[in-house]
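For this chain, numbers begin at 1 and follow the sequence in order.
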Amino acid sequence: MKNIRAYIEETITVNDTDWTLFSSKLIKREFNKKDKLTEIGQVENYISFIESGIARFLIPKEDKEKEITFGFCFENEFISAYDSFLTHKPSLYQIEALTNMVIWSISYEDLQEVYQKSFVGNVIGRMSSERLFLIKSKREQSLLNETAEERYLKLFTERPNLIKEVPLKYIASYIGVTAQALSRIRKRIS
């Protein structure tokens, strides 16, 4: 839980009263590799902070090879099926643990209470929503403006832990190519 406070305090100092209120609402949740944090058709009830582990956002298909991976979250990042969280509508995608994970979650109702009772709650809400929006926007721009090779090379500089820790088949899906096409890109680069 210390990681959350340190992350928030990179932006704003949190007084002990606000931290006590916020941290009292956090629930520690643990997931094993391949567990679903959020299922398709389930309403997302939490915004969470990853203490340890990696998750991927995906649209599953009957043929596992055709699943679409469209995002990843790592340690010290916020994670949520945020559109479902905001609208209270069933999620159209799922979030899966790629490794064992420990996350700290706050429910929608508890977050609303923190928003009303503390200044820091609004900062936390804004930080998590801005981060999730920027990741989504950046990915959309990348898919529209860059080649698959450019997207892959960008991962080396922007998210090197992704290249090291995520299976290549998920990276291929994330950059919008088949595993075979990614293999050819990797050969050309090296």
Side-chain angles (χ1 to χ4, degrees), residues 1-60 68-142 158-159 161-162 174:
M1 199 180 312
K2 293 181 287 187
N3 294 1
I4 303 171
R5 188 168 186 172
Y7 178 82
I8 294 165
E9 288 193 332
E10 289 175 6
T11 304
I12 185 171
T13 302
V14 180
N15 68 46
D16 289 338
T17 303
D18 284 351
W19 177 251
T20 300
L21 171 64
F22 175 69
S23 63
S24 73
K25 304 295 184 185
L26 295 173
I27 303 162
K28 183 179 184 179
R29 300 190 308 155
E30 297 183 33
F31 296 90
N32 294 317
K33 182 178 181 174
K34 298 289 184 187
D35 284 353
K36 308 299 182 259
L37 282 71
T38 304
E39 297 265 4
I40 284 185
Q42 172 187 350
V43 174
E44 174 67 85
N45 292 312
Y46 299 102
I47 286 183
S48 302
F49 187 83
I50 301 174
E51 180 176 293
S52 64
I54 304 169
R56 77 174 173 133
F57 293 74
L58 72 141
I59 299 170
I68 301 167
T69 298
F70 65 93
F72 301 97
C73 279
F74 296 90
E75 184 175 307
N76 296 325
E77 294 182 346
F78 283 101
I79 186 170
S80 179
Y82 196 59
D83 48 344
S84 174
F85 180 81
L86 291 176
T87 63
H88 302 288
K89 293 193 171 154
S91 179
L92 300 175
Y93 53 90
Q94 67 188 38
I95 304 173
E96 174 187 72
L98 287 180
T99 63
N100 292 340
M101 295 184 72
V102 175
I103 63 175
W104 291 91
S105 302
I106 186 166
S107 71
Y108 182 87
E109 294 76 20
D110 285 342
L111 185 61
Q112 299 311 307
E113 181 183 336
V114 171
Y115 284 168
Q116 291 172 355
K117 293 183 177 177
S118 76
F119 174 72
V120 75
N122 288 298
V123 173
I124 293 166
R126 191 190 82 236
M127 284 172 57
S128 60
S129 63
E130 286 174 356
R131 184 196 159 278
L132 293 167
F133 170 78
L134 289 173
I135 287 171
K136 181 180 182 331
S137 177
K138 192 175 202 178
R139 172 155 165 73
E140 288 171 355
Q141 292 298 318
S142 174
E158 292 180 359
R159 299 187 88 180
N161 53 344
L162 189 138
Y174 179 72

Short question: side chain of Arg139, backbone of Phe70 - any donor-acceptor pair under 3.5 Å? yes

What's the spacing between Glu9 CD and Lys2 NZ if we round to 0.5 Å? 13.5 Å

Closest heavy-atom pair, Ile40 versus Pro60, reported as atoms and distance to 0.1 Å, is CD1-CD, 3.3 Å

Which label fits Phe78 and Tyr7: parallel for a plane angle under 30°, tilted from 30 to 60°, or perpendicular past 60°? perpendicular

Separation between OG1 of Thr69 and CG of Leu98, rounded to the nearest 0.5 Å: 8.0 Å

Is the side chain of Ser105 donor-acceptor paired with the backbone N or O of Ile47 at a distance under 3.5 Å, no angle test? no

Locate the shortest heavy-atom distance separating Ala81 from Ser91; write the atom from each residue and the value. CB-OG, 4.0 Å

Within the distance-only criterion (no hydrogens, no angle test), does the side chain of Ser142 pair as donor or acceptor with the backbone N or O of Lys138 below 3.5 angstrom? no

Polar side-chain atom of Arg29 near backbone of Leu37 as donor-acceptor pair, under 3.5 Å: no

Ignoring hydrogens and angles, tell me if any N or O in the side chain of Asp35 forms a donor-acceptor pair with the backbone of Asn32 under 3.5 Å. yes

State the CD-CD1 distance between Glu75 and Ile50, to the nearest 0.5 angstrom. 9.0 Å

For residues 40-52, which residue pairs pass the salt bridge (Lys or Arg N to Asp or Glu O under 4.0 Å) check, not counting sequence neighbours? none

Only counting residues at least two apart or in another chain, list the ones meeting side-chain hydrogen bond (donor to acceptor under 3.5 Å, both in side chains) with Asn100. none

Is there a donor-acceptor contact under 3.5 Å from the side chain of Ser137 to the main chain of Phe133? no

Can you name the nearest heavy-atom pair linking Trp104 to Leu26, along with the distance? CE3-CB, 4.0 Å

Can you check whether Asp110's main-chain N or O pairs, donor with acceptor, with Ser107's side chain at less than 3.5 Å? yes

Could you tell me how the ring of Trp19 sits relative to the ring of Phe22: parallel (under 30°), tilted (30 to 60°) or perpendicular (over 60°)? tilted

Could you check whether any side-chain N or O of Lys36 sits under 3.5 Å from a backbone N or O of Lys34, counting only pairs where one atom can act as donor and the other as acceptor? yes

Please assess Asp18 against Arg5 for the test salt bridge (charged side-chain N to carboxylate O under 4.0 Å, His left out), listing each intermediate value before the final yes or no. CA-CA 11 Å; Asp18 284 351; Arg5 188 168 186 172; over 6 Å; no

Within the side chain of Thr99, is there an N or O that forms a donor-acceptor pair under 3.5 Å with the backbone of Ile54? yes

